[in-house]
Structures are given as C-alpha cells and as structure tokens.
Amino acid sequence: MNYWLMKSEPDEAAITDLARAGTLPWTGVRNYQARNLMRDAMRLGDGVLFYHSSCAEPGVAGLAEVCSAAYPDATQFDPASPYFDPKSKPDAPRWVHVDVRWRETTRLLSLKEMREAPELASMQVLQRGSRLSITPVTAAEWQAVLKRLHAA
DNA sequence: GCCAACGTTGGC
DNA sequence: GCCAACGTTGGC
C-alpha cells in the first residue's frame, strides 16, 4: 500500500466534483515524472490526498484512492482538448493516467497549516521548488495528515 | 550531449 | 501580475 498527494485545480476538478462523480480519470498530466509514478508505482487501493492547487485556498481537501491501473489518456488525441499532444500517436500513447475514487471530503487542511506543522515538514509537496503534481507520501506523513484532518 | 532560450507551475 | 524554480526544446 502506497500513498500519494495529487494536485488538482478546483476549477477543473474539485473534491466536490469527485464526490459527485464517484470516480474520475486523472486526465491532463503532461509531466514525465508524474506519469511514471502513475504508470510504474501506483497500485489499486493506494491512498490519495486530494489537493487543491492554483486557487484561493490551496490545501488538502479530501481523501481518495487509486482505482484503476494506468491507461492511455484520451485527451492527448483530442485536438479540441487543452491537453492535446500532436506528437503522441495512438499506437504509441505518450500519456497515461489512473482513475481515482472518492473516499471522503474533509475539512481543508490549508497549505499554511501544513507548512506550520512540524510533523509534515518532510512532505515532498512542501519542499522548496516542488512543482510535481503527483508526489509520494510516506505512511507516517499519511497518518499525520489524517490525524490533523480528523482533529477538531 | 550541452546548454541557452523558452514555457510552465503555483504560491503569493 | 510577479517571479522562483524547474522542465522541455532544439540548434550545434
């Protein structure tokens, strides 16, 4: 069992959208490191911290889980999509993604609170210059986040 | 394979 | 809108 933090812009997909849909394909990843994590390291049932980014209140907004293996991202072949990649060919898809399933909509654990929490200081998403949209989370960090989320 | 130029991310 | 940090591109 592994744990991850996955960033989503709430304008595109907020935790409320995931709660409504049940599951969502994690489309639009166009970074090789993040793709490789989905393709090579994620397993069914892995825990996901659903993080809202590029918004007024960035932070962890809920919990989800990986519910599919990696498969080709259809948006890469769609010229009308902002994620269209003309260099990617259907017989050799460049971009893949997993599906995630909603588990829980939590209170917002803000980026500010995360930065102020000593037990979360090791989280990759908090490191200087970290931009990766998908980052691994240790079991200890996962437990620490859950403890905070479920505290008063 | 180097690396300068350019593009993107994402908090502020 | 700014800008630091990092990724990608493409000429050589």
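Here is the naming used below: chain letters follow the sequence lines, and residue numbers restart at 1 for every chain.
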| field | Polar side-chain contact A/R131-B/dT8 base: donor and acceptor under 3.5 Å | value | yes
| request: Respond yes when some side-chain nitrogen or oxygen of A/K7 is under 4.0 Å from OP1 or OP2 of B/dG10, and no when none is. | output: yes
| query | Within the structure, does a side-chain N or O atom of A/K112 lie under 4.0 Å from either OP1 or OP2 of B/dG11? | reply | no
| query | Expressed in angstrom and rounded to an integer, what is the separation of A/N31 atom CG from C/dT9 atom P? | reply | 11 Å
| A/M6 CE - B/dG10 P separation (whole Å) | 13 Å
| Nearest-0.5 Å distance that lies between atom CG in A/D11 and atom CG in A/D17 | 10.0 Å
| query | Between atom CD in A/E9 and atom C1' in B/dT8, what is the gap in whole Å? | reply | 11 Å
| task | Please check if the side chain of A/R43 supplies one atom and the backbone of A/V66 the other of a donor-acceptor pair under 3.5 Å. | result | no
| task | Specify the separation, in whole Å, of atom CH2 of A/W95 and atom P of C/dG7. | result | 13 Å
| In whole angstrom, what separates A/R94's CZ from C/dT8's P? | 10 Å
| task | Check whether any side-chain nitrogen or oxygen of A/Y51 sits under 4.0 Å from OP1 or OP2 of B/dG11, and answer yes or no. | result | yes
| task | Verify side chain to side chain contact (heavy atoms under 4.5 Å, CB included) between A/R94 and A/Y32, making sure each step is shown before the conclusion. | result | CA-CA 9 Å; A/R94 180 177 295 194; A/Y32 291 104; 3.4 Å; yes
| task | To the nearest Å, give me how far apart CG (A/L126) and P (B/dG11) are. | result | 11 Å
| message | Between P on C/dG7 and CG on A/L37, what's the gap in Å once rounded to a whole number? | response | 13 Å
| query | Separation of A/L132 atom CG from B/dG11 atom P, in whole Å? | reply | 13 Å
| Are A/K147 and A/E119 close enough for a salt bridge, meaning some N to O gap below 4.0 Å? | no
| field | Qualifying residue for ring pair (Phe, Tyr, Trp, His ring centres under 6.0 Å) with A/H97, from A/Y71, A/Y83, A/W26 | value | A/Y71
| message | Which nucleotide wins on minimum distance to the side chain of A/K87, given the candidates B/dG10, C/dG7, C/dG10? | response | C/dG10
| Given C/dG7, B/dC12, B/dG10, the nucleotide with the shortest approach to the side chain of A/R115 | B/dC12
| note | Which of B/dG10, C/dG7, C/dT8 is nearest the side chain of A/Q33? It is C/dG7
